[in-house]
Chemist: 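After the C-alpha coordinates below, expect a handful of questions from me.
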Number of protein chains: 2
Amino acid sequence: MASISDRVGDLGGYLREQREHAKLSLRQLAALAGVSNPYLSQIERGLRKPSAEVLQQIAKGLRISAEALYLRAGILDSEERPQVEIAINADPGLTSRQRRVLLDIYASFRAENVRTADQQGEPAVAPVDAEGGTAPTRGEPGTRDTSPPDEQS
Amino acid sequence: MASISDRVGDLGGYLREQREHAKLSLRQLAALAGVSNPYLSQIERGLRKPSAEVLQQIAKGLRISAEALYLRAGILDSEERPQVEIAINADPGLTSRQRRVLLDIYASFRAENVRTADQQGEPAVAPVDAEGGTAPTRGEPGTRDTSPPDEQS
DNA sequence: TGCCACTGCTTGCAATAGCAAGCAGAATCG
DNA sequence: CGATTCTGCTTGCTATTGCAAGCAGTGGCA
(Lines give C-alpha, C1' and ligand atoms only; values in the text may rest on other atoms or scores of the structure.)
Protein backbone atom coordinates (compact mmCIF):
# COMPACT_ATOMS: atom_id res chain seq x y z
CA MET A 1 0.00 0.00 0.00
CA ALA A 2 2.70 2.50 0.94
CA SER A 3 4.73 1.47 -2.10
CA ILE A 4 2.17 2.73 -4.57
CA SER A 5 1.73 5.92 -2.62
CA ASP A 6 5.46 6.51 -2.60
CA ARG A 7 5.89 5.78 -6.24
CA VAL A 8 3.25 8.14 -7.47
CA GLY A 9 4.37 11.07 -5.42
CA ASP A 10 1.63 10.80 -2.80
CA LEU A 11 -1.22 11.22 -5.21
CA GLY A 12 -3.58 9.94 -2.59
CA GLY A 13 -2.55 12.46 -0.01
CA TYR A 14 -2.92 15.21 -2.52
CA LEU A 15 -6.38 14.04 -3.47
CA ARG A 16 -7.49 13.98 0.13
CA GLU A 17 -6.06 17.40 0.71
CA GLN A 18 -7.88 18.82 -2.27
CA ARG A 19 -11.10 17.13 -1.28
CA GLU A 20 -10.94 18.49 2.23
CA HIS A 21 -10.06 21.87 0.89
CA ALA A 22 -13.20 21.70 -1.20
CA LYS A 23 -15.14 20.60 1.88
CA LEU A 24 -16.43 17.50 0.17
CA SER A 25 -16.99 14.12 1.74
CA LEU A 26 -15.56 11.11 0.07
CA ARG A 27 -19.01 10.14 -1.14
CA GLN A 28 -19.74 13.57 -2.47
CA LEU A 29 -16.57 13.72 -4.49
CA ALA A 30 -17.07 10.19 -5.72
CA ALA A 31 -20.54 11.14 -6.94
CA LEU A 32 -19.26 14.30 -8.61
CA ALA A 33 -16.44 12.41 -10.20
CA GLY A 34 -18.55 9.46 -11.23
CA VAL A 35 -16.44 6.84 -9.47
CA SER A 36 -17.36 4.54 -6.63
CA ASN A 37 -16.71 5.83 -3.17
CA PRO A 38 -14.88 2.74 -1.95
CA TYR A 39 -12.58 3.03 -4.91
CA LEU A 40 -11.91 6.68 -4.23
CA SER A 41 -11.15 5.76 -0.65
CA GLN A 42 -8.69 3.15 -1.80
CA ILE A 43 -7.03 5.62 -4.14
CA GLU A 44 -6.64 8.16 -1.36
CA ARG A 45 -5.06 5.53 0.84
CA GLY A 46 -2.74 4.47 -1.93
CA LEU A 47 -4.22 1.00 -2.24
CA ARG A 48 -5.02 1.35 -5.90
CA LYS A 49 -3.46 2.95 -8.88
CA PRO A 50 -6.13 4.69 -10.90
CA SER A 51 -6.12 5.06 -14.64
CA ALA A 52 -5.75 8.39 -16.33
CA GLU A 53 -9.43 8.26 -17.13
CA VAL A 54 -10.38 7.98 -13.48
CA LEU A 55 -7.97 10.77 -12.63
CA GLN A 56 -9.65 12.90 -15.26
CA GLN A 57 -12.99 12.26 -13.66
CA ILE A 58 -11.72 13.02 -10.20
CA ALA A 59 -10.11 16.21 -11.41
CA LYS A 60 -13.44 17.21 -12.92
CA GLY A 61 -15.16 16.57 -9.62
CA LEU A 62 -12.57 18.64 -7.79
CA ARG A 63 -12.61 21.30 -10.50
CA ILE A 64 -8.87 21.18 -10.84
CA SER A 65 -6.84 20.44 -13.91
CA ALA A 66 -6.32 16.81 -14.73
CA GLU A 67 -2.71 17.60 -15.42
CA ALA A 68 -2.08 18.39 -11.80
CA LEU A 69 -3.12 14.86 -10.98
CA TYR A 70 -1.22 13.39 -13.91
CA LEU A 71 1.95 15.01 -12.62
CA ARG A 72 1.52 13.45 -9.23
CA ALA A 73 0.63 10.12 -10.73
CA GLY A 74 3.77 10.12 -12.83
CA ILE A 75 1.83 10.23 -16.07
CA LEU A 76 3.16 13.61 -17.01
CA ASP A 77 6.71 14.65 -16.62
CA SER A 78 7.30 18.15 -15.35
CA GLU A 79 10.76 18.32 -16.89
CA GLU A 80 11.37 21.40 -18.91
CA ARG A 81 11.07 20.86 -22.63
CA PRO A 82 11.13 23.17 -25.55
CA GLN A 83 7.55 24.26 -25.65
CA VAL A 84 7.47 24.93 -29.39
CA GLU A 85 8.41 21.38 -30.19
CA ILE A 86 5.80 19.98 -27.87
CA ALA A 87 3.14 22.23 -29.27
CA ILE A 88 3.95 21.34 -32.84
CA ASN A 89 3.92 17.63 -32.07
CA ALA A 90 0.72 17.90 -30.16
CA ASP A 91 -1.17 19.96 -32.72
CA PRO A 92 -3.82 17.76 -34.26
CA GLY A 93 -4.37 20.24 -37.03
CA LEU A 94 -1.05 19.52 -38.70
CA THR A 95 -0.10 16.66 -40.94
CA SER A 96 3.04 14.66 -40.32
CA ARG A 97 4.75 16.39 -43.19
CA GLN A 98 3.85 19.84 -41.89
CA ARG A 99 5.06 18.97 -38.45
CA ARG A 100 8.35 17.84 -39.87
CA VAL A 101 8.76 20.96 -41.91
CA LEU A 102 7.99 23.21 -38.96
CA LEU A 103 10.33 21.29 -36.69
CA ASP A 104 13.07 21.51 -39.28
CA ILE A 105 12.70 25.23 -39.64
CA TYR A 106 12.51 25.70 -35.92
CA ALA A 107 15.62 23.63 -35.36
CA SER A 108 17.55 25.52 -38.00
CA PHE A 109 16.48 28.82 -36.51
CA ARG A 110 17.65 27.74 -33.11
CA ALA A 111 20.93 26.46 -34.57
CA GLU A 112 21.40 29.73 -36.37
CA ASN A 113 20.93 31.62 -33.17
CA VAL A 114 23.42 29.42 -31.37
CA ARG A 115 25.96 30.05 -34.10
CA THR A 116 25.34 33.75 -33.93
CA ALA A 117 25.80 33.72 -30.20
CA ASP A 118 29.04 31.71 -30.37
CA GLN A 119 30.71 33.66 -33.20
CA GLN A 120 33.56 31.18 -32.79
CA GLY A 121 33.13 29.26 -36.01
CA GLU A 122 31.77 26.22 -34.36
CA PRO A 123 30.55 23.85 -37.07
CA ALA A 124 26.93 24.27 -37.86
CA VAL A 125 24.76 21.53 -36.48
CA ALA A 126 22.71 20.14 -39.32
CA PRO A 127 19.02 20.30 -38.61
CA VAL A 128 17.86 16.87 -37.72
CA ASP A 129 14.46 15.60 -38.66
CA ALA A 130 13.10 13.99 -35.58
CA GLU A 131 9.40 13.59 -35.38
CA GLY A 132 9.63 13.20 -31.64
CA GLY A 133 11.66 16.34 -31.55
CA THR A 134 12.89 15.76 -28.07
CA ALA A 135 16.39 14.60 -28.82
CA PRO A 136 17.66 16.61 -31.78
CA THR A 137 21.17 15.29 -31.43
CA ARG A 138 20.12 11.84 -32.48
CA GLY A 139 19.99 10.67 -36.01
CA GLU A 140 16.80 10.05 -37.89
CA PRO A 141 14.81 7.12 -36.71
CA GLY A 142 15.09 5.70 -40.17
CA THR A 143 18.86 5.77 -40.05
CA ARG A 144 19.05 3.90 -36.82
CA ASP A 145 21.00 0.71 -36.50
CA THR A 146 18.66 -1.83 -37.90
CA SER A 147 20.08 -4.88 -36.22
CA PRO A 148 17.23 -6.07 -34.12
CA PRO A 149 17.47 -5.91 -30.35
CA ASP A 150 17.29 -9.06 -28.34
CA GLU A 151 14.14 -10.94 -29.05
CA GLN A 152 11.73 -10.86 -26.23
CA SER A 153 9.37 -13.56 -27.31
CA MET B 1 -12.48 -3.45 -31.63
CA ALA B 2 -13.36 -0.63 -33.95
CA SER B 3 -15.14 1.17 -31.15
CA ILE B 4 -12.01 1.56 -29.09
CA SER B 5 -10.05 2.69 -32.08
CA ASP B 6 -12.65 5.28 -32.96
CA ARG B 7 -12.93 6.58 -29.44
CA VAL B 8 -9.24 7.17 -28.92
CA GLY B 9 -8.67 9.04 -32.14
CA ASP B 10 -6.99 6.17 -33.96
CA LEU B 11 -4.14 5.76 -31.57
CA GLY B 12 -3.35 2.42 -33.04
CA GLY B 13 -3.06 3.71 -36.55
CA TYR B 14 -0.81 6.47 -35.37
CA LEU B 15 1.40 4.05 -33.51
CA ARG B 16 1.75 1.85 -36.56
CA GLU B 17 2.54 4.84 -38.70
CA GLN B 18 5.22 6.01 -36.31
CA ARG B 19 6.65 2.55 -36.02
CA GLU B 20 6.83 2.13 -39.76
CA HIS B 21 8.33 5.55 -40.12
CA ALA B 22 11.01 4.46 -37.70
CA LYS B 23 11.45 1.26 -39.71
CA LEU B 24 10.93 -0.92 -36.70
CA SER B 25 9.18 -4.24 -36.64
CA LEU B 26 6.52 -4.80 -34.11
CA ARG B 27 8.85 -6.98 -32.11
CA GLN B 28 11.66 -4.48 -32.21
CA LEU B 29 9.48 -1.70 -30.94
CA ALA B 30 7.97 -3.93 -28.31
CA ALA B 31 11.43 -4.79 -27.07
CA LEU B 32 12.51 -1.17 -27.09
CA ALA B 33 9.37 -0.16 -25.30
CA GLY B 34 9.48 -3.03 -22.82
CA VAL B 35 6.00 -4.33 -23.64
CA SER B 36 5.00 -7.64 -25.10
CA ASN B 37 4.78 -7.78 -28.83
CA PRO B 38 1.33 -9.39 -28.91
CA TYR B 39 0.08 -6.61 -26.73
CA LEU B 40 1.60 -3.98 -28.97
CA SER B 41 -0.06 -5.67 -31.91
CA GLN B 42 -3.39 -5.59 -30.15
CA ILE B 43 -2.94 -1.93 -29.34
CA GLU B 44 -2.14 -1.07 -32.93
CA ARG B 45 -5.24 -2.91 -34.06
CA GLY B 46 -7.33 -1.14 -31.45
CA LEU B 47 -8.16 -4.32 -29.53
CA ARG B 48 -6.79 -3.03 -26.26
CA LYS B 49 -6.70 0.24 -24.47
CA PRO B 50 -3.28 0.73 -23.00
CA SER B 51 -2.56 2.56 -19.79
CA ALA B 52 -0.66 5.81 -19.71
CA GLU B 53 2.32 3.90 -18.41
CA VAL B 54 2.38 1.64 -21.40
CA LEU B 55 1.99 4.63 -23.69
CA GLN B 56 4.95 6.23 -21.99
CA GLN B 57 7.02 3.15 -22.65
CA ILE B 58 5.97 2.97 -26.25
CA ALA B 59 6.73 6.64 -26.73
CA LYS B 60 10.18 6.03 -25.30
CA GLY B 61 10.70 3.19 -27.74
CA LEU B 62 9.62 5.38 -30.63
CA ARG B 63 11.59 8.33 -29.30
CA ILE B 64 8.59 10.58 -29.51
CA SER B 65 6.93 12.50 -26.79
CA ALA B 66 4.51 10.61 -24.62
CA GLU B 67 2.19 13.54 -24.83
CA ALA B 68 1.58 13.00 -28.52
CA LEU B 69 0.27 9.58 -27.61
CA TYR B 70 -1.70 10.86 -24.66
CA LEU B 71 -3.49 13.24 -26.96
CA ARG B 72 -4.52 10.52 -29.30
CA ALA B 73 -5.50 8.31 -26.42
CA GLY B 74 -7.73 10.99 -25.01
CA ILE B 75 -5.69 11.30 -21.86
CA LEU B 76 -4.64 14.81 -22.66
CA ASP B 77 -6.83 17.42 -24.20
CA SER B 78 -5.10 19.43 -26.90
CA GLU B 79 -6.62 22.57 -25.51
CA GLU B 80 -4.73 22.03 -22.31
CA ARG B 81 -1.42 22.29 -24.07
CA PRO B 82 0.30 25.44 -25.15
CA GLN B 83 -0.86 26.27 -28.60
CA VAL B 84 1.80 26.42 -31.25
CA GLU B 85 1.33 30.14 -31.69
CA ILE B 86 1.61 30.81 -28.02
CA ALA B 87 4.68 28.63 -27.75
CA ILE B 88 6.40 30.29 -30.66
CA ASN B 89 5.72 33.73 -29.25
CA ALA B 90 7.04 32.69 -25.88
CA ASP B 91 10.21 30.99 -27.08
CA PRO B 92 13.18 33.02 -25.93
CA GLY B 93 15.46 31.29 -28.41
CA LEU B 94 13.84 32.86 -31.46
CA THR B 95 14.23 36.29 -32.95
CA SER B 96 11.22 38.36 -33.90
CA ARG B 97 11.78 37.64 -37.56
CA GLN B 98 12.02 33.93 -36.95
CA ARG B 99 8.86 34.00 -34.89
CA ARG B 100 7.02 35.75 -37.66
CA VAL B 101 8.24 33.28 -40.25
CA LEU B 102 7.23 30.30 -38.16
CA LEU B 103 3.85 31.79 -37.35
CA ASP B 104 3.23 32.53 -41.03
CA ILE B 105 4.13 29.02 -42.06
CA TYR B 106 2.05 27.54 -39.27
CA ALA B 107 -0.94 29.67 -40.22
CA SER B 108 -0.67 28.74 -43.88
CA PHE B 109 -0.41 25.06 -42.99
CA ARG B 110 -3.51 25.29 -40.89
CA ALA B 111 -5.33 27.21 -43.62
CA GLU B 112 -4.25 24.61 -46.12
CA ASN B 113 -5.66 21.87 -43.96
CA VAL B 114 -8.95 23.72 -43.52
CA ARG B 115 -9.27 24.16 -47.28
CA THR B 116 -8.47 20.54 -47.79
CA ALA B 117 -11.11 19.57 -45.30
CA ASP B 118 -13.68 21.85 -46.98
CA GLN B 119 -12.94 20.44 -50.40
CA GLN B 120 -13.65 17.02 -49.02
CA GLY B 121 -17.05 18.17 -47.87
CA GLU B 122 -16.25 17.90 -44.20
CA PRO B 123 -17.20 20.65 -41.79
CA ALA B 124 -14.31 22.93 -40.94
CA VAL B 125 -12.47 21.40 -38.03
CA ALA B 126 -9.99 24.13 -37.30
CA PRO B 127 -10.22 24.70 -33.57
CA VAL B 128 -10.85 28.19 -32.37
CA ASP B 129 -7.55 29.36 -31.02
CA ALA B 130 -8.51 30.87 -27.76
CA GLU B 131 -5.77 32.35 -25.67
CA GLY B 132 -5.14 30.20 -22.68
CA GLY B 133 -7.22 27.38 -24.03
CA THR B 134 -9.20 25.80 -21.32
CA ALA B 135 -7.38 27.31 -18.43
CA PRO B 136 -9.71 26.92 -15.51
CA THR B 137 -11.80 30.00 -15.26
CA ARG B 138 -13.55 28.86 -12.19
CA GLY B 139 -12.41 29.81 -8.76
CA GLU B 140 -10.58 27.60 -6.35
CA PRO B 141 -12.37 24.55 -5.13
CA GLY B 142 -12.72 26.23 -1.78
CA THR B 143 -14.76 29.04 -3.20
CA ARG B 144 -17.50 26.86 -4.48
CA ASP B 145 -20.95 26.41 -3.06
CA THR B 146 -20.51 23.91 -0.32
CA SER B 147 -24.02 22.53 -0.21
CA PRO B 148 -23.61 18.84 -0.82
CA PRO B 149 -24.82 17.37 -4.11
CA ASP B 150 -27.41 14.64 -4.17
CA GLU B 151 -26.22 11.54 -2.47
CA GLN B 152 -25.61 8.68 -4.76
CA SER B 153 -25.07 5.82 -2.37
C1' DT C 1 15.17 -28.50 -50.95
C1' DG C 2 15.15 -27.98 -45.59
C1' DC C 3 16.42 -25.06 -41.99
C1' DC C 4 16.47 -20.91 -39.65
C1' DA C 5 15.23 -16.30 -38.42
C1' DC C 6 11.99 -13.11 -38.80
C1' DT C 7 7.18 -11.37 -39.08
C1' DG C 8 2.41 -10.38 -36.97
C1' DC C 9 -0.98 -12.60 -34.65
C1' DT C 10 -4.03 -16.07 -31.46
C1' DT C 11 -5.04 -17.86 -27.12
C1' DG C 12 -5.39 -18.68 -22.30
C1' DC C 13 -3.99 -17.00 -18.00
C1' DA C 14 -2.66 -14.04 -13.81
C1' DA C 15 -2.92 -9.66 -11.84
C1' DT C 16 -5.22 -5.59 -11.18
C1' DA C 17 -8.76 -1.93 -11.80
C1' DG C 18 -13.19 -0.60 -10.48
C1' DC C 19 -17.58 -1.72 -8.63
C1' DA C 20 -21.83 -3.19 -5.66
C1' DA C 21 -23.30 -4.69 -1.34
C1' DG C 22 -22.76 -4.02 3.08
C1' DC C 23 -20.45 -2.99 7.85
C1' DA C 24 -19.51 -0.18 11.92
C1' DG C 25 -19.11 4.18 13.94
C1' DA C 26 -20.44 9.13 14.34
C1' DA C 27 -23.65 12.82 13.93
C1' DT C 28 -28.25 14.67 13.74
C1' DC C 29 -33.10 14.93 14.66
C1' DG C 30 -37.80 14.36 16.66
C1' DC D 1 -33.77 7.98 23.83
C1' DG D 2 -34.29 5.43 19.07
C1' DA D 3 -34.31 6.19 14.27
C1' DT D 4 -32.19 8.03 10.52
C1' DT D 5 -28.54 9.78 7.85
C1' DC D 6 -24.02 10.38 7.19
C1' DT D 7 -19.13 8.91 7.28
C1' DG D 8 -15.06 5.98 5.64
C1' DC D 9 -14.04 1.48 4.92
C1' DT D 10 -14.11 -4.06 3.92
C1' DT D 11 -15.03 -7.65 0.89
C1' DG D 12 -15.97 -10.43 -3.02
C1' DC D 13 -16.85 -10.13 -7.72
C1' DT D 14 -16.47 -9.03 -12.86
C1' DA D 15 -14.11 -6.97 -16.63
C1' DT D 16 -9.96 -5.59 -18.47
C1' DT D 17 -4.99 -5.15 -18.97
C1' DG D 18 -0.74 -7.11 -20.12
C1' DC D 19 1.86 -11.26 -20.68
C1' DA D 20 3.89 -16.03 -22.04
C1' DA D 21 3.60 -19.72 -25.10
C1' DG D 22 2.96 -20.77 -29.44
C1' DC D 23 1.13 -20.68 -34.49
C1' DA D 24 1.43 -19.81 -39.45
C1' DG D 25 3.41 -17.27 -43.08
C1' DT D 26 7.56 -15.10 -45.39
C1' DG D 27 12.22 -14.55 -46.77
C1' DG D 28 17.11 -15.78 -46.90
C1' DC D 29 20.71 -19.17 -47.09
C1' DA D 30 23.51 -23.49 -47.64
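In the text below, chain A, chain B and the rest are named by the order of the sequence lines, each starting its count at 1.
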Chemist: Grab the NZ-P distance between B/Lys49 and C/dA17 for me, whole Å please.
Modeler: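 Those two atoms, NZ and P, are 14 Å apart.
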
Chemist: Rounded to the nearest 0.5 Å, what's the gap from CG on A/Leu15 to CZ on A/Arg19? Could you check?
Modeler: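 Interatomic distance, A/Leu15 CG to A/Arg19 CZ, rounded to 0.5 Å: 9.0 Å.
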
Chemist: Measure the distance from CG on B/Leu47 to C1' on D/dG18 and round it to the nearest whole Å.
Modeler: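 Value for this atom pair: 13 Å.
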
Chemist: So, is A/Ser41 near the phosphate of D/dG8, with a side-chain N or O under 4.0 Å from OP1 or OP2?
Modeler: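 So the side chain of A/Ser41 is outside the cut-off, no N or O lying under 4.0 Å from OP1 or OP2 of D/dG8.
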
Chemist: If you look at every heavy atom in B/Gln57 and B/Ala33, which pair is closest and at what distance?
Modeler: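 Result for this residue pair: CB-O, 3.1 Å.
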
Chemist: Measure CD/A/Glu53 against C1'/D/dT17 and give the value in whole Å, please.
Modeler: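 Rounded to the whole Å, the gap is 13 Å.
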
Chemist: Using salt bridge (Lys or Arg N to Asp or Glu O under 4.0 Å) as the criterion, list what pairs up with A/Arg16, not counting sequence neighbours.
Modeler: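 By the salt bridge (Lys or Arg N to Asp or Glu O under 4.0 Å) rule, A/Arg16 matches A/Glu44.
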
Chemist: So, using side-chain contact (heavy atoms from CB on, under 4.5 Å) as the criterion, who are the partners of A/Ala68 when residues are at least two apart?
Modeler: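 Partners of A/Ala68 under the side-chain contact (heavy atoms from CB on, under 4.5 Å) test: A/Tyr14, A/Ser65.
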
Chemist: Is the phosphate of C/dG18 approached by A/Ser51 (side-chain N or O, under 4.0 Å from OP1 or OP2)?
Modeler: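 For A/Ser51, the contact criterion (side-chain N or O under 4.0 Å from OP1 or OP2 of C/dG18) is met.
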
Chemist: Without decimals, in angstroms, what is the distance between A/Arg45 CZ and C/dG18 P?
Modeler: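 Checked: the CZ to P distance equals 15 Å.
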
Chemist: Respond yes when some side-chain nitrogen or oxygen of B/Ser25 is under 4.0 Å from OP1 or OP2 of C/dC6, and no when none is.
Modeler: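 For B/Ser25, the contact criterion (side-chain N or O under 4.0 Å from OP1 or OP2 of C/dC6) is not met.
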
Chemist: Polar pairs (N or O, both sides) under 3.5 Å between protein and nucleotides 19-28 of chain C?
Modeler:
from   : atom 1 : to      : atom 2 : distance (Å)
C/dC19 : OP2    : A/Ser36 : N      : 3.0
C/dC19 : OP2    : A/Ser36 : OG     : 3.2
C/dG22 : O6     : A/Arg27 : NH2    : 3.4

Chemist: How far apart are the C-alpha atoms of A/Ile43 and A/Ile58, what are their side-chain angles, what is the distance that settles it, and do they pass the side-chain contact (heavy atoms from CB on, under 4.5 Å) test?
Modeler: CA-CA 11 Å; A/Ile43 293 167; A/Ile58 294 172; 4.1 Å; yes

Chemist: Send over the distance from B/Gln56 CD to D/dG18 P, rounded to a whole Å.
Modeler: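 So the CD-P distance, B/Gln56 to D/dG18, works out to 12 Å.
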
Chemist: For A/Val101, give me all partners under side-chain contact (heavy atoms from CB on, under 4.5 Å), at least two apart in sequence or on another chain.
Modeler: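 side-chain contact (heavy atoms from CB on, under 4.5 Å) check on A/Val101 returns A/Arg97, A/Ile105, B/Phe109.
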
Chemist: Without decimals, in angstroms, what is the distance between B/Ile43 CD1 and D/dC19 C1'?
Modeler: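 It is 12 Å, rounded to the nearest whole Å.
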
Chemist: Could you state the atom-to-atom distance from CZ of A/Arg16 to P of D/dG8 in whole Å?
Modeler: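 Going from A/Arg16 (CZ) to D/dG8 (P), I get 8 Å.
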
Chemist: How long is the line joining CG of B/Leu26 and C1' of D/dC19, in whole Å?
Modeler: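 Atom-to-atom, B/Leu26 to D/dC19, this comes out as 14 Å.
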
Chemist: Going by side-chain hydrogen bond (donor to acceptor under 3.5 Å, both in side chains), name the residues that satisfy it together with B/Ser41, two or more places apart in sequence or in a different chain.
Modeler: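 Applying side-chain hydrogen bond (donor to acceptor under 3.5 Å, both in side chains) to B/Ser41 gives B/Arg45.
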
